[in-house]
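Have a look at the structure below, then the notes.
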Number of protein chains: 2
Amino acid sequence: MADDSLSLTFSALADPTRREILARLAQGEATVNELAEPFEMSLQAVSKHLKVLERAGLITRGRDAQWRPCRLETAPLEEIDRYRRRLEGRFARLDEELRRMGKNHE
Amino acid sequence: MADDSLSLTFSALADPTRREILARLAQGEATVNELAEPFEMSLQAVSKHLKVLERAGLITRGRDAQWRPCRLETAPLEEIDRYRRRLEGRFARLDEELRRMGKNHE
DNA sequence: CAGTTGATCAACCACTAAGTTGATTATAGA
DNA sequence: TCTATAATCAACTTAGTGGTTGATCAACTG
């Protein structure tokens, strides 16, 4: 996979398990064990998912004794939103262009 | 990879080549050859990328003789935007909650 | 210190993804 | 009909992902 920040973010969000983890973190900080609890998979697997989310900047991890509390970070979400708006914006201008030319682009 | 629609969309967007293709399509329809032209890779590879984008609903393909003109579709972009807003919305309410409780959550 | 708990590291396996080349299909045009 | 062009299909290679288990590290607790 490419390692630019948009690719990392989109790729991190492309997994349902990771999206569930983020949904949980939107309710507040949680430890690895707490995050792993709802899933069938092993703790190690969840730990790997967290590493992916962390690399994408979607979470940060603190330290509290032997716990590593995770928290959601929204900066990458803002970045994908800017990407989307840029793309849709260009497309909208095209749409307008075609309309001005009187073409039927439907 | 999971085959739910959010996963398909995020996964499709996680590749820089595919994002370049979408950027090109935001300027207007294009054929496979036209889309492949800027890239070093083979035509077949680009054709595969288009299949991924099509499966995610990010493009549709028409037919014009032997050409298969591609066009951008924005519905999946709207879906990821709704996802983002939902997630950030929940997070914002948490933020508010913590503020009401007088906690320092920074 | 010994034991327990939280979490990560390491090695491995099965599957998928992204690229290649070569063959094939479909249409246009001489 | 024969050839050229647009695109896809098929088979294969390589590398990466998501999961497993077992070992290890780090910190609290008796």
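Within every chain, numbering begins at 1; the chains are lettered A, B, ... in the order of the sequence lines, protein sequences first and strands thereafter.
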What N/O pairs connect the protein and nucleotides 4-7 of chain C at under 3.5 Å? Give each pair on its own line.
residue	atom	partner	partner atom	Å
dA7(C)	OP1	Val32(A)	N	3.4
dA7(C)	OP1	Arg68(A)	N	3.1
dA7(C)	OP2	Asn33(A)	N	2.8
dA7(C)	OP2	Asn33(A)	ND2	2.5

Short side-chain N/O contact from Lys51(A) to OP1 or OP2 of dC9(C), under 4.0 Å | yes
Would you say Ser42(A) reaches dG19(D)'s phosphate, i.e. side-chain N/O to OP1/OP2 under 4.0 Å?
-> no
Contact check, residues 11-27 of chain A vs DNA chain C, heavy-atom distance under 4.0 Å, returns none
Across all chains, not counting sequence neighbours, the ring-ring contact (aromatic ring centres under 6.0 Å, His included) partners of Tyr83(B) are Phe10(B)
Under a 3.5 Å cut-off on both pairing distances, which runs of 3 or more consecutive Watson-Crick or G-U pairs involve DNA chain D?
-> C:1-30 with D:1-30
What salt bridge (Lys or Arg N to Asp or Glu O under 4.0 Å) pairs are there with at least one residue in residues 37-49 of chain B, not counting sequence neighbours?
-> none
Look at atom CZ of Arg55(B) and say whether more than 12 heavy atoms of other residues, nucleotides or ligands are closer to it than 6.0 Å.
-> no
Criterion salt bridge (Lys or Arg N to Asp or Glu O under 4.0 Å) on Glu20(A) and Arg24(A), from CA distance to verdict = CA-CA 6 Å; Glu20(A) 275 193 64; Arg24(A) 166 66 187 79; over 6 Å; no
Partners of Gln66(B) by side-chain hydrogen bond (donor to acceptor under 3.5 Å, both in side chains), sequence neighbours excluded?
-> none
NZ/NE/NH1/NH2 to OD/OE distance under 4.0 Å, Asp81(A) and Arg85(A) = yes
With DNA chain D as reference, determine whether Leu50(B) or Met1(A) sits nearer its 5' end, using the nearest nucleotide of each.
-> Leu50(B)
